[in-house]
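Computed from heavy atoms alone, side chains included, the values below leave out hydrogens, waters and symmetry copies. Read the numbers this way: they start at 1 and go in the same order the structure lists the ligands and their atoms.
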Amino acid sequence: MDIAVTETILVTGGAGYIGSHACVALLIAGFEVVVLDNFSNSHPLALERVQKITGRTLVFQQGDLRDHTMLDQLFHAHRISAVMHFAVLKAVGESCSNPLAYYDNNVVGTIHLLQVMQAHAVQRLIFSSSATVYRPSAVMPLDENAALGATNPYGQTKQMIEQMLMDCCASAPWQVALLRYFNPVGAHESGLIGEDPAGIPNNLLPYVAQVAAGVREVLPVFGNDYNTPDGTGVRDFIHVQDLVAGHLAALRLLLTKDKQQAFCRPYNLGTGNGYSVLEMVQAFERISGKSVRYRIMPRRDGDVAACWANAQRAQQELSWVAEKNLDAMLADSWRWQSNNPQGYRS
Ligand code: NAD
Ligand code: WQD
């Protein structure tokens, strides 16, 4: 008689913004979850909240990806079927001022992970890549065949890891999904988990939310002279819940793949729609009922005018499409922000 085996998924960076939402989705879908996180950019409370939301428990290992011995023990202790790999450093500006820290944490950390996976014959991986791997372009939308060319060390680490994974697949039967996120925003609808940036937010939405909440006074709007309808930057914002649904779709695909056949494929995860910075500010004011003061500042180095996805490949091959609209993204973001004005330290 066949015995149903529950699949166990290792989530690196599972206490972080996207990882914590992925843990919720995995637990609700019935997977067992093992989280590895060093809390370099997150808080243990996130994992308690994941368990509160789902009514399920997960296994947690505090540690660093570069601790090879610990990783090896983790794979000995658990029968892991696949890995969702979120654990990297992600601040673009910091990566420019301290590139070695980024290459060490992100690239070296991933090498340790892949070595240990290979040693334990676990070769199914979902990698958090980014639209930042694409060469800046004036032609939108971007599909997965668009030219690559990251422009900062953080983006280079993503591009290098993608290349490493493609090389692994050329030499052995790995099954890998490279998920290229556009601009993840929003939070779980419970308001219990969300994005909790340390210090001054780098990304637009957390900054807008903090101004609306009175945590910060004024939003810097980086440039209003772009060739866009209102002159401010345009991005493809995607609800984090839709994003993690894309991970589950990719995971299901990988779990059905023949373990003897290599598979490595990039997928854009975006909505295919662009909204400008000022549209985001106005929509946030409407949803929150708060005013968001802003000041036009010079353009930010490295920014492109507009960026949005062609996500048809994910639709066709993963049967996935982003479902939540802008109002849902902003309402969930505001619920998280207003319930947790200082993030997990509230
Ligand atoms: P996050 O910083 O909230 O989460 C990353 C988690 O990894 C944190 O909990 C951190 O403590 C942990 N971590 C980092 N280095 C580690 C290490 N060496 N060992 C163990 N744990 C480590 O970031 P996020 O926004 O949740 O992003 C998740 C992934 O998605 C990242 O790979 C990021 O590059 C990618 N991504 C994010 C965005 C975005 O805008 N948030 C966009 C595109 C891609
Ligand atoms: C969006 C728009 C800004 C902040 C970044 C990374 C990318 C990826 C996602 C990980 C732009 C404007 C922003 C502010 C502003 N991360 N802005 N005032 O730049 O598209 O992507 O996050 O992979 O690698 O580069 O997102 O949210 O920083 O900016 O006016 O305080 O908002 O100029 O037009 P971006 P963002």
Tell me: protein heavy atom nearest atom 31 (C) of ligand 1, and distance? Phe86 O, 3.2 Å
Quick one, Tyr344 with Trp336, criterion ring pair (Phe, Tyr, Trp, His ring centres under 6.0 Å). Give me CA distance, side-chain angles, the key distance, then yes/no. CA-CA 10 Å; Tyr344 291 110; Trp336 156 253; 5.0 Å; yes
4.0 Å heavy-atom contact, Ser40 with ligand 1: yes
Cluster check Leu255, Leu125: I/L/V/M/F/W/Y, side chain < 4.5 angstrom: no
For Gly14 and ligand 1, answer yes if some heavy atom of the residue is under 4.0 Å from a ligand atom, otherwise no. no
Side-chain H-bond candidate by donor/acceptor type, Gln156 with Asn152, under 3.5 Å: no
Donor-acceptor pair, Lys158 side chain versus Ser128 backbone, under 3.5 Å? yes
Arg295, CZ atom: more than 12 neighbouring heavy atoms under 6.0 Å: no
Do Leu251 and Met117 sit in the same hydrophobic cluster, where Ile, Leu, Val, Met, Phe, Trp and Tyr count as joined when their side-chain heavy atoms come under 4.5 Å apart? no
For Ala131, which part has a heavy atom under 4.0 Å from ligand 1: side chain, backbone, both, or neither? neither
Can you tell me which residue and heavy atom of the protein come closest to atom 42 (C) of ligand 1, and the distance to 0.1 Å? Pro184 CD, 3.7 Å
Can you name the one residue among Leu179, Leu178, Leu248 that meets side-chain contact (heavy atoms from CB on, under 4.5 Å) with Ile126? Leu179
Under the ring pair (Phe, Tyr, Trp, His ring centres under 6.0 Å) rule, what pairs show up with a residue in residues 264-290, not counting sequence neighbours? Phe284-Trp334
Interatomic distance, CE@Met70 vs CG@Asp64, rounded to 0.5 Å, equals 6.5 Å
Suppose we measure from atom 17 (C) of ligand 1 to each protein heavy atom; which comes out shortest, and what is that distance? Asn38 ND2, 3.3 Å
Hydrophobic clusters here meaning ILVMFWY residues chained together by side-chain heavy-atom distances under 4.5 Å, can you tell me if Leu71 and Val35 are in one? no
Roughly how far, to the nearest 0.5 Å, is the CE atom of Met329 from the CG atom of Leu205? 9.0 Å
What protein heavy atom sits nearest atom 4 (O) of ligand 1, and how far off is it? Gly16 CA, 3.5 Å
Would you mind telling me if ligand 1 is within reach of the side chain of Tyr154, the backbone, both or neither, using heavy atoms under 4.0 Å? side chain
Is it the case that ligand 1 has an N or O less than 3.5 angstrom from some N or O of His85? no
Tell me whether the count of non-hydrogen atoms from other residues, nucleotides or ligands lying under 6.0 Å of CD in Glu317 goes above 12. yes
Just to check, does Ser20 reach to within less than 4.0 Å of ligand 1 when the distance is taken from its heavy atoms? no
With only distance considered, is Glu195 within less than 3.5 Å of ligand 1 through an N or O on each side? no
In a simple table, one pair per line, please give the protein and ligand 2 atom names for every N or O pair closer than 3.5 Å, along with the distance.
| unit_1 | atom_1 | unit_2 | atom_2 | d |
| --- | --- | --- | --- | --- |
| ligand 2 | 18 (N) | Pro220 | O | 2.6 |
| ligand 2 | 19 (O) | Arg300 | NH2 | 2.8 |
| ligand 2 | 20 (O) | Asn183 | ND2 | 3.0 |
| ligand 2 | 20 (O) | Arg235 | NE | 2.6 |
| ligand 2 | 22 (O) | Asn203 | ND2 | 2.9 |
| ligand 2 | 23 (O) | Ser130 | OG | 2.8 |
| ligand 2 | 23 (O) | Tyr154 | OH | 2.5 |
| ligand 2 | 24 (O) | Thr132 | OG1 | 3.4 |
| ligand 2 | 26 (O) | Asn183 | ND2 | 3.1 |
| ligand 2 | 27 (O) | Asn203 | ND2 | 3.4 |
| ligand 2 | 27 (O) | Leu204 | N | 2.8 |
| ligand 2 | 28 (O) | Asn202 | O | 3.3 |
| ligand 2 | 28 (O) | Asn203 | ND2 | 3.1 |
| ligand 2 | 28 (O) | Arg300 | NH1 | 3.3 |
| ligand 2 | 28 (O) | Arg300 | NH2 | 2.9 |
| ligand 2 | 29 (O) | Arg300 | NH2 | 3.4 |
| ligand 2 | 30 (O) | Pro220 | O | 3.4 |
| ligand 2 | 30 (O) | Phe222 | N | 2.9 |
| ligand 2 | 33 (O) | Asp303 | OD2 | 2.5 |

Can you tell me which residue and heavy atom of the protein come closest to atom 36 (N) of ligand 1, and the distance to 0.1 Å? Tyr181 CD1, 3.5 Å
Could you list the atoms of ligand 1 found under 4.0 angstrom from a heavy atom of Gly63? 19 (N), 20 (C)
I'd like to know whether ligand 1 has Lys158 as a neighbour, heavy-atom separation below 4.0 Å. yes
